[in-house]
*Asks:* 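My questions all concern the structure below.
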2 protein chains.
Amino acid sequence: MKQSKTMELKKPVRVSLARQVLTAMESMIRSGKWKVGDRIPAEAELARAFSVSHNTIREALQSLIHMGMLEARPGDGTYVMASDRFAVAVSNRLKESELPQILEARLALEKEIARLAAVKRTDEDLKELENALKDCHGRVRQGIEDDMLFHAAVARATHNPVLSELYNVVIRHVQENLEKLLQEKQYDSGAMKLHDDLLAAIRKQEADEAENIIVKIVEFDTVSIGGAFIS
Amino acid sequence: MKQSKTMELKKPVRVSLARQVLTAMESMIRSGKWKVGDRIPAEAELARAFSVSHNTIREALQSLIHMGMLEARPGDGTYVMASDRFAVAVSNRLKESELPQILEARLALEKEIARLAAVKRTDEDLKELENALKDCHGRVRQGIEDDMLFHAAVARATHNPVLSELYNVVIRHVQENLEKLLQEKQYDSGAMKLHDDLLAAIRKQEADEAENIIVKIVEFDTVSIGGAFIS
DNA sequence: TTGTATTTGTACGTATGTATG
DNA sequence: CCATACATACGTACAAATACA
């Protein structure tokens, strides 16, 4: 009875000061003016800079803190912890999920990403994929990290930010779990040849083939994790 | 040099009052004590209820407001707008995305969801799917809404909350776009027979068949939207 | 070890704008 | 037009935690 009286009109004409400060700070972070790890100016200084009160600054800061983009350290300062609220929110959700569920989500995204990359890749994408794969072959030690970068490059080749951003968050969690489980054990990706095959399929723009290869790659990672669990 | 002085120890012993209030409020919303659409108590009342200051309450409220779970209406009150911060964050990200990209994400999720539902469905899941499909056949008018509920039931049958929660957000955006584009036009889902086929495939636990059917269903929706765009 | 400055955390009070009846 | 209730904003003060000399 109260919400839709005259009409279901939105009237965001009025934007609170705290929200203005919040968006200003968020854009400072997104633009890189405040980088991850930086300590931002003290509340009093920000209040002077924005010409608003201490409490207004505090409201904006607390919002960013609660959503995980900033961290306040009493007696020290306030530090930038992340640069993307979407990634933070998805990451927090994944943290309270089981690994098998995350791996299923990864497979869902990765299969379609492989297909789309094969269909939509440009010549520039191919260059980047070749470079990423070269890094994989070069270093044996940091296999997992380079492996992730190659997959991220494939995701970028879909030219679909929704899919690639989502995938990046998911694959980061998978990577962290892989690192925990296979600490000393050489990663040594037996999937290395499969990566060459994947690049070849994407180059030929063969979607079905790309998907089949990705399935094998993900299966490889999955049994690695599963094996580490059992043994 | 500053963050890891003695050790990289976490010390979550100290939890700010505002954060305690925030989590308390968030659990009130998640638990359903504060439902979507409800007006929550005034700030002064909350301050008394939680035995904290007006500003502390305000900090917690503003955080929930800024992340989209609450909405403050001056001279009126504060209302609950959403019940899940993860869903809100994903939804906000989708709002600034193009429909084709959202549809690609939907296809990625839906294909794997169909496979997993076929593999993992229980007899209880089958019951729910049959009921949801019955509703689809019953009403012709609200085709889109019931259609969405059936797909949501399929997602639930995967028993993977990550996938199903993500899918629910995505499909809601697709639905809203469908409704906008096909307002008066009867939805009349030519995909209706396909839904029967999908249920049959899930019943037989045939993953490949379920995936193939889902691809056809999504294609149907996609051309509906595309056609509406062109004409 | 001690003390001091800095910074965040908590709290109260006050004034103003805005919607409702 | 007035009274009420609520949100918004500011100012101030002090407490607690940390850094650094």
*Asks:* Consider the side chain of A:P74, meaning its heavy atoms from C-beta on, and name the nucleotide among D:dC10, D:dA7, D:dA17 that approaches it most closely.
*Replies:* D:dA17

*Asks:* Tell me, please, which residues at least two apart from A:E45 pass side chain to side chain contact (heavy atoms under 4.5 Å, CB included).
*Replies:* A:P41, A:R48

*Asks:* Checking B:H151 now: which residues fulfil ring pair (Phe, Tyr, Trp, His ring centres under 6.0 Å) with it, not counting sequence neighbours?
*Replies:* B:H195

*Asks:* Mind checking A:Q62 for me? I need base, sugar-phosphate or nothing, with any heavy atom below 4.0 Å counting as a touch.
*Replies:* sugar-phosphate

*Asks:* Quick check on DNA chain D: between A:S51 and B:E45, whose nearest nucleotide comes earlier from the 5' end?
*Replies:* B:E45

*Asks:* Name all residues meeting the side chain to side chain contact (heavy atoms under 4.5 Å, CB included) criterion together with B:A89; count only those two or more places apart in sequence or in a different chain, and write none if there are none.
*Replies:* A:A89

*Asks:* Among the nucleotides D:dC10, C:dT8, D:dA19, which one has an atom lying closest to any side-chain atom of A:D76?
*Replies:* D:dA19

*Asks:* Could you measure the distance from the CG atom of B:L149 to the CG atom of B:N168? Nearest 0.5 Å is fine.
*Replies:* 9.5 Å

*Asks:* If I take atom CG in residue A:L17 and atom C1' in nucleotide C:dG17, what distance separates them, rounded to the nearest angstrom?
*Replies:* 13 Å

*Asks:* Write down the distance between CZ (A:R19) and P (D:dA9), rounded to a whole number of angstrom.
*Replies:* 11 Å

*Asks:* Counting only Watson-Crick or G-U wobble pairs whose two distances fall under 3.5 Å, which nucleotide matches D:dC14?
*Replies:* C:dG9

*Asks:* Could you state the atom-to-atom distance from CG of A:L46 to C1' of C:dT7 in whole Å?
*Replies:* 12 Å

*Asks:* Of the residues in residues 53-61 of chain A, which ones touch DNA chain D at a heavy-atom distance under 4.0 Å?
*Replies:* A:S53, A:N55, A:T56

*Asks:* Find the distance B:L22:CG to C:dG9:P and express it as a whole number of Å.
*Replies:* 14 Å

*Asks:* On DNA chain D, check which nucleotide each of B:A42 and A:A18 is closest to and give me the residue with the more 5' one.
*Replies:* B:A42

*Asks:* Rounded to the Å, how far apart are A:R48 CZ and C:dT6 C1'?
*Replies:* 13 Å

*Asks:* According to side chain to side chain contact (heavy atoms under 4.5 Å, CB included), who are the partners of A:S164, at least two apart in sequence or on a separate chain?
*Replies:* A:A155

*Asks:* Nearest to the A:S16 side chain among D:dA9, C:dT7, C:dG9, which nucleotide is it?
*Replies:* D:dA9

*Asks:* Take atom NE2 of B:H66 and atom C1' of D:dA7, then tell me their distance rounded to the nearest Å.
*Replies:* 13 Å

*Asks:* Any side-chain N or O of B:T78 less than 4.0 Å from the OP1 or OP2 oxygen of D:dC6?
*Replies:* no

*Asks:* Rounded to the nearest Å, what distance is computed from the CD1 atom of residue A:I65 to the P atom of nucleotide C:dT10?
*Replies:* 11 Å

*Asks:* Do B:E104 and A:L163 make a side-chain contact, defined as non-hydrogen atoms from C-beta onward lying under 4.5 Å apart?
*Replies:* yes

*Asks:* Quick one: list whatever passes side chain to side chain contact (heavy atoms under 4.5 Å, CB included) with B:M69, sequence neighbours left out.
*Replies:* B:E26, B:I29, B:L64, B:M67, B:R85, B:V88

*Asks:* What's the CD-C1' distance between A:E43 and D:dG11, to the nearest Å?
*Replies:* 15 Å

